[in-house]
Amino acid sequence: RMENLIRGRNPPQYQRSPCKEVRAALRKRPEEELQCLEMTTKRKIIGRLVPCRCFRGEEEIISVLDYSHCSLQQVPKEVFNFERTLEELYLDANQIEELPKQLFNCQALRKLSIPDNDLSNLPTTIASLVNLKELDISKNGVQEFPENIKCCKCLTIIEASVNPISKLPDGFTQLLNLTQLYLNDAFLEFLPANFGR
């Protein structure tokens, strides 16, 4: 374990020239000396040679996760570990049938891409994603948007082609930042009255 620390994960200057205590212990090799070295200098070596976030108690910053083409049936739980920092999530071409409530705690999310899955609806909790700019739900079985989609006021792009969507809610007309809307191969019969906004 100690050798791995020195060889595998340390900056180059420490790889070539470990401290005197470590050199001495590795040269002599008695079991008790190695144990003693581990106990007495482990913290010092880790602190000096491996300044890793996990040892300092800092949160790892992950802003993009891509789980495309992974044959997933649900959103991986690991995603929720980064709910404060996650900005882009790609779940393309899986077999996901529903989006869990926890996903909508990722309030920094700017792009949510879940085309070519088995979704039948969008939950009303999507209203929590107030920073969402791009939403791709194409090639699913979504029949309608929830009325409170209007709360996602930052949305600029919605790709919802190849879904059996029969109507758009009136709340859609409040998405004033929307610049691109794709509804190819949907079942729309009419658009909301104020759609011209």
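Fair warning: this is a prediction, and the values are worked out from it, not measured in the lab.
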Visitor: Run Leu89 and Tyr67 through side chain to side chain contact (heavy atoms under 4.5 Å, CB included) and show every step you take.
Guide: CA-CA 8 Å; Leu89 177 61; Tyr67 289 97; 4.2 Å; yes

Visitor: Working to the nearest 0.5 angstrom, can you tell me the gap between Glu147 CD and Gln174 CD?
Guide: 7.5 Å

Visitor: I need the minimum non-hydrogen distance between Leu91 and Leu72, along with the two atoms involved.
Guide: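 The answer is CD2-CD1, 4.5 Å.
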
Visitor: Surrounding CD of Gln180 (heavy atoms of other residues, nucleotides or ligands, distance under 6.0 Å), is the total greater than 12?
Guide: yes

Visitor: If Ile, Leu, Val, Met, Phe, Trp and Tyr residues are connected whenever their side-chain heavy atoms lie under 4.5 Å apart, and connections chain through other members, are Leu178 and Phe195 in the same group?
Guide: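 Leu178 and Phe195: one cluster.
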
Visitor: Between Ser161 and Asp185, does any side-chain donor sit less than 3.5 Å from a side-chain acceptor?
Guide: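 Judged by distance alone, the side chains do not pair up.
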
Visitor: Who passes side-chain hydrogen bond (donor to acceptor under 3.5 Å, both in side chains) against Ser128, sequence neighbours left out?
Guide: none

Visitor: Closest approach of Lys150 and Gly171, non-hydrogen atoms and distance?
Guide: CB-O, 3.3 Å

Visitor: Quick one: pull up CG in Asp136 and CD1 in Ile114 and give me the separation to the nearest 0.5 Å.
Guide: 8.0 Å

Visitor: Between CG of Leu168 and CD1 of Ile149, what distance do you get to the nearest 0.5 Å?
Guide: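 That separation rounds to 10.5 Å.
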
Visitor: For the atom pair CG (Asp92) and CG (Asp66), what is the distance rounded to the nearest 0.5 Å?
Guide: 7.0 Å

Visitor: Give, for atom OG of Ser113 and atom CD of Glu134, the distance between the pair rounded to the nearest 0.5 Å.
Guide: 9.0 Å

Visitor: Please report the C-alpha distance between Leu175 and Ile158 in whole Å, then the side-chain angles of each, then the deciding distance to 0.1 Å, and finally whether the side chain to side chain contact (heavy atoms under 4.5 Å, CB included) criterion is met.
Guide: CA-CA 11 Å; Leu175 299 176; Ile158 295 178; 4.1 Å; yes

Visitor: Between Leu119 and Val142, is a side chain to side chain contact (heavy atoms under 4.5 Å, CB included) present by the stated rule, with each step listed?
Guide: CA-CA 6 Å; Leu119 296 177; Val142 176; 4.1 Å; yes

Visitor: Find out whether Lys111 and Tyr90 are in side-chain contact, i.e. whether some heavy atom of one side chain is under 4.5 Å from a heavy atom of the other.
Guide: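 In contact.
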
Visitor: How many angstroms lie between atom NZ of Lys167 and atom CD of Glu144, to the nearest 0.5 angstrom?
Guide: 6.0 Å

Visitor: Check whether Asn148 reaches the backbone of Thr124 with its side chain - one donor and one acceptor, N or O, closer than 3.5 Å.
Guide: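 Looks like yes, one N/O pair under 3.5 Å.
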
Visitor: For the residue pair Thr179 and Thr156, establish whether any side-chain heavy-atom pair is separated by less than 4.5 Å.
Guide: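 They are in side-chain contact.
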
Visitor: Are the side chain of Thr85 and the backbone of Ile62 linked by a donor-acceptor contact shorter than 3.5 Å?
Guide: yes

Visitor: Can you check side chain to side chain contact (heavy atoms under 4.5 Å, CB included) on Val64 and Glu87, steps first, answer last?
Guide: CA-CA 6 Å; Val64 179; Glu87 294 182 6; 5.7 Å; no

Visitor: Are Leu155 and Leu183 joined in one hydrophobic group, where the rule is that I, L, V, M, F, W and Y side chains link up if heavy atoms are under 4.5 Å apart?
Guide: yes

Visitor: List the atom pairs, donor and acceptor, that lie under 3.5 Å between side-chain atoms in residues 95-110 and the rest of the protein, sequence neighbours left out.
Guide:
none

Visitor: Would you find a donor on one side and an acceptor on the other, under 3.5 Å apart, between the side chain of Asn117 and the backbone of Asn94?
Guide: yes

Visitor: Could you tell me which non-hydrogen atom of Asn163 sits nearest to which non-hydrogen atom of Ser138, and how far apart they are?
Guide: ND2-CA, 3.7 Å

Visitor: Compare every heavy atom of Leu176 with every heavy atom of Thr173, then report the nearest pair and how far apart it is.
Guide: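 Distance-wise, the nearest heavy atoms are O-CD2, 3.5 Å.
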
Visitor: What are the two closest heavy atoms between Pro192 and Pro169, and how far apart are they?
Guide: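 Closest pair (atom of Pro192, atom of Pro169, distance): CG-O, 3.7 Å.
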
Visitor: Look at the side-chain heavy atoms of Ile, Leu, Val, Met, Phe, Trp and Tyr, link any pair under 4.5 Å apart, and say whether Leu129 and Ile157 land in one connected group.
Guide: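 Shared cluster, no.
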
Visitor: For a 4.5 angstrom cut-off between non-hydrogen side-chain atoms, does Phe172 reach Leu191?
Guide: no

Visitor: List the atom of Pro146, the atom of Ile126, and the distance in Å for their closest heavy-atom pair.
Guide: CG-CG2, 3.9 Å

Visitor: I want to check something: taking the side chain as every heavy atom from C-beta on, are Ile165 and Leu188 in contact at a cut-off of under 4.5 Å?
Guide: yes

